[in-house]
Number of protein chains: 2
Amino acid sequence: MEKIDRRIKRTQRLLQEALVALTLEKGFDEVTIREITERADVGYTTFFRHYPDKEALLVDVLDTMRQDFHNLLMPHSIITEPETMGELLFEYVEQNLDLCRVLLDSTDTITLLRPVQEIGQQEIGMMFSAAQEREIPLEVAASHLMTSLVMLIRWWLENDMPYSPRKMGEIAAKMIIRPVIESFHA
Amino acid sequence: MEKIDRRIKRTQRLLQEALVALTLEKGFDEVTIREITERADVGYTTFFRHYPDKEALLVDVLDTMRQDFHNLLMPHSIITEPETMGELLFEYVEQNLDLCRVLLDSTDTITLLRPVQEIGQQEIGMMFSAAQEREIPLEVAASHLMTSLVMLIRWWLENDMPYSPRKMGEIAAKMIIRPVIESFHA
DNA sequence: GTGTTATGATATACGATATATCATAACACA
DNA sequence: TGTGTTATGATATATCGTATATCATAACAC
């Protein structure tokens with residue numbers, strides 16, 4: 001556990017907050033680095049002392065969400081209670097709307113979420129590693145599970161959340177999670 | 001059926017071919033408009049007489065694929081033969097590798113494929129409109145179906161096509177298509 | 001208090017997009 | 001084949017966003 005200069009933490013926090021605020025206002029792609037530094041009230045050149053580009057800053061923001069999800073889903077088993085798992089997911093999104101909107105807004109969600117997905121897929125791989133008989137290769141199933149859930153959340157946000165988290169959790173369980181589970185012991 | 005100046009068709013064809021070739025070499029995001037015009041051997045300013053930006057050119061290329069898929073899948077029913085449907089899909093991708101790689105490479109696949117997906121979702125909506133009892137709203141199911149299939153193809157290409165089109169078709173049917181179908185008469 | 005380090009400000013270079021203009025060449029059609 | 005029309009190429013130019021170098025200052029850790 002290294003000690004980090006307070007100025008560094010402060011600057012990075014300001015930049016992250018500015019990115020979130022600006023992305024909510026006009027979309028990730030329309031935000032320029034100059035705007036971010038102006039909103040954060042830090043020097044333009046300072047940005048590059050911390051991040052090589054805008055995407056790197058977003059990845060930093062993203063990691064917060066990844067940790068949250070990890071802590072949220074850890075105590076539950078996706079195999080025995082898929083509906084609960086789905087509901088928890090959508091409840092988290094509802095309670096962290098701003099953050100989730102930002103992370104799912106950037107047009108290349110797929111690329112940006114890759115680090116998160118890879119970790120998620122590893123965890124899913126662990127969960128299902130016990131299953132002996134598989135119709136579908138583990139790697140395909142894990143990738144599909146993560147990707148589809150993210151895309152379903154995306155759909156929900158883009159369509160102004162027309163259904164409750166509970167309902168969306170059920171949908172996720174029926175349409176995505178259970179089919180994957182069943183493919184492992186059929 | 002309007003008659004279009006041969007020069008226009010020629011220029012647009014050259015630009016499309018140049019974009020495909022360059023994207024295969026270095027990825028969509030790295031290609032500049034200047035490079036496209038140089039490769040196509042047309043004036044730089046000419047580009048903007050046809051397309052407002054790089055994405056518009058890609059959408060033009062994209063439409064070719066959309067028509068192909070439509071013609072390919074038209075004669076079959078996704079409800080009665082999901083495995084065949086899946087296999088046809090992956091066979092088409094295998095036989096049109098260059099084109100598909102280009103279209104799925106650009107980082108914001110989701111945004112760019114939206115016009116294609118919307119049309120696909122309408123068609124899917126038609127197919128399932130007969131089903132009376134639904135556990136899952138039609139719009140959610142249609143969006144999930146299209147998105148997940150595209151993402152599965154993406155995974156297949158990014159991982160150097162480790163399984164045959166037939167195998168991938170089975171996976172698609174089991175993991176994506178059949179669960180959607182079953183949600184409509186449960 | 002002292003050496004260290006992050007910051008702000010300024011200047012600057014670069015690359016890519018985008019538009020205006022005009023002479024030329026290719027076109028459609030009679 | 002001749003004629004009016006239109007797309008093109010070449011050049012110049014404006015704008016914007018990214019990225020780096022430099023140096024004095026202020027905040028930091030100890």
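Reminder, nothing fancy here: chain letters follow the sequence lines and each chain counts from 1.
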Visitor: Taking the side chain as every heavy atom from C-beta outward, state whether L58(B) and K54(B) have any pair of such atoms under 4.5 Å apart.
Guide: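 SC-SC contact between L58(B) and K54(B) ruled out.
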
Visitor: Report the distance from atom CG of L57(B) to atom C1' of dT17(C), rounded to the nearest whole Å.
Guide: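 Answer to the nearest Å: 15 Å.
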
Visitor: Rounded to the nearest Å, what distance is computed from the CZ atom of residue R49(B) to the C1' atom of nucleotide dA25(C)?
Guide: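 The distance from CZ of R49(B) to C1' of dA25(C) comes to 13 Å, rounded to the nearest Å.
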
Visitor: Taking for each residue the nucleotide of DNA chain D with the nearest heavy atom, is it Y44(A) or Q12(B) whose nucleotide lies nearer the 5' end?
Guide: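 Result: Q12(B).
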
Visitor: Can a side chain N or O of R6(A) be found less than 4.0 Å away from OP1 or OP2 on dC28(D)?
Guide: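 Checking R6(A) against dC28(D): at least one side-chain N or O falls below 4.0 Å of OP1 or OP2.
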
Visitor: How do D53(B) and D5(B) order along DNA chain C: which one's closest nucleotide is nearer the 5' end?
Guide: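 So the residue in question is D53(B).
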
Visitor: Ignoring backbone atoms, test whether H50(A) places a side-chain nitrogen or oxygen under 4.0 Å from the OP1 or OP2 oxygen of dT7(C).
Guide: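 True: H50(A) side-chain N/O within range (under 4.0 Å) of dT7(C) OP1/OP2.
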
Visitor: Taking the six-membered ring for Trp and the full ring for Phe, Tyr or His, determine whether the centres of F90(B) and W156(B) are under 6.0 Å apart.
Guide: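 Yes, ring centres under 6.0 Å apart.
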
Visitor: I'd like to know if the side chain of S183(A) reaches the main chain of V180(A), judged simply by a donor and an acceptor atom lying under 3.5 Å from each other, with no hydrogens or angles considered.
Guide: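 Checking the backbone N and O of V180(A) against the side chain of S183(A), a donor-acceptor pair under 3.5 Å is found.
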
Visitor: Can you tell me the pairing partner of dA20(C) across any strand shown, Watson-Crick or G-U wobble, with both distances under 3.5 angstrom?
Guide: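 Partner of dA20(C): dT11(D).
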
Visitor: Can you tell me the pairing partner of dC27(C) across any strand shown, Watson-Crick or G-U wobble, with both distances under 3.5 angstrom?
Guide: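 Paired with dC27(C), as far as the under-3.5 Å criterion goes, is dG4(D).
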
Visitor: Kindly compute the distance separating CG (L89(B)) from CZ (F69(B)), expressed to the nearest 0.5 Å.
Guide: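 Here the rounded value is 5.0 Å.
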
Visitor: So, T37(B) side chain and R34(B) main chain: donor-acceptor pair closer than 3.5 Å or not?
Guide: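 Yes.
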
Visitor: Among the candidates dA20(C), dT8(D), dA18(C), find the nucleotide nearest to the side-chain atoms of T45(B).
Guide: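 Within the option list, the nearest is dA20(C).
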
Visitor: Provide, to the nearest angstrom, the distance between the NZ atom belonging to K9(A) and the C1' atom belonging to dA29(D).
Guide: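 K9(A) atom NZ is separated from dA29(D) atom C1' by 13 Å.
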
Visitor: Between T11(B) and dT8(D), does any side-chain N or O lie under 4.0 Å from OP1 or OP2?
Guide: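 T11(B) to dT8(D) OP1/OP2: side-chain N or O found under 4.0 Å.
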
Visitor: What is the distance, rounded to the nearest whole Å, between atom CZ of R10(B) and atom P of dA26(C)?
Guide: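 So the two atoms are 10 Å apart, to the nearest Å.
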
Visitor: Could you check how far CG of D29(A) sits from P of dT18(D), rounded to whole Å?
Guide: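 Spelled out: CG on D29(A) to P on dT18(D) is 12 Å.
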
Visitor: Taking NZ, NE, NH1 and NH2 as the nitrogens, is one of them in E135(B) or K167(A) under 4.0 Å from a carboxylate oxygen of the other?
Guide: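 Result for this pair is no, no salt bridge flagged.
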
Visitor: For Y51(A) and dT18(D), give me the distance from atom OH to atom P, rounded to whole Å.
Guide: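 Taking atom P of dT18(D) as the reference, OH of Y51(A) is at 16 Å.
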
Visitor: Using a heavy-atom cut-off of under 4.0 Å over every strand shown, decide if R34(A) touches base, sugar-phosphate, or nothing.
Guide: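 Base contact.
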
Visitor: Which listed nucleotide (dT18(D), dT17(C), dA26(D)) is nearest to the side chain of I33(A)?
Guide: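 Within the option list, the nearest is dT18(D).
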
Visitor: Check every atom of dT17(C), dT20(D), dC28(D) against the side chain of R7(A) and return the nucleotide holding the closest atom.
Guide: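 Taking heavy atoms from C-beta onward, the closest nucleotide is dC28(D).
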
Visitor: Grab the CG-P distance between L14(B) and dT8(D) for me, whole Å please.
Guide: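 From L14(B) CG to dT8(D) P: 10 Å.
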
Visitor: By nearest heavy atom, map F47(B) and I4(B) onto DNA chain C; which one lands nearer the 5' end?
Guide: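 Its nucleotide being nearer the 5' end, the pick is F47(B).
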
Visitor: Between T46(A) and dT7(C), is there a contact of a side-chain N or O with OP1 or OP2 at under 4.0 Å?
Guide: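 Answer no for this pair, as no side-chain N or O of T46(A) is under 4.0 Å from OP1 or OP2.
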
Visitor: Nearest whole angstrom, please: distance from the P of dA9(C) to the CZ of F48(A).
Guide: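 Interatomic distance, CZ of F48(A) to P of dA9(C): 16 Å.
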
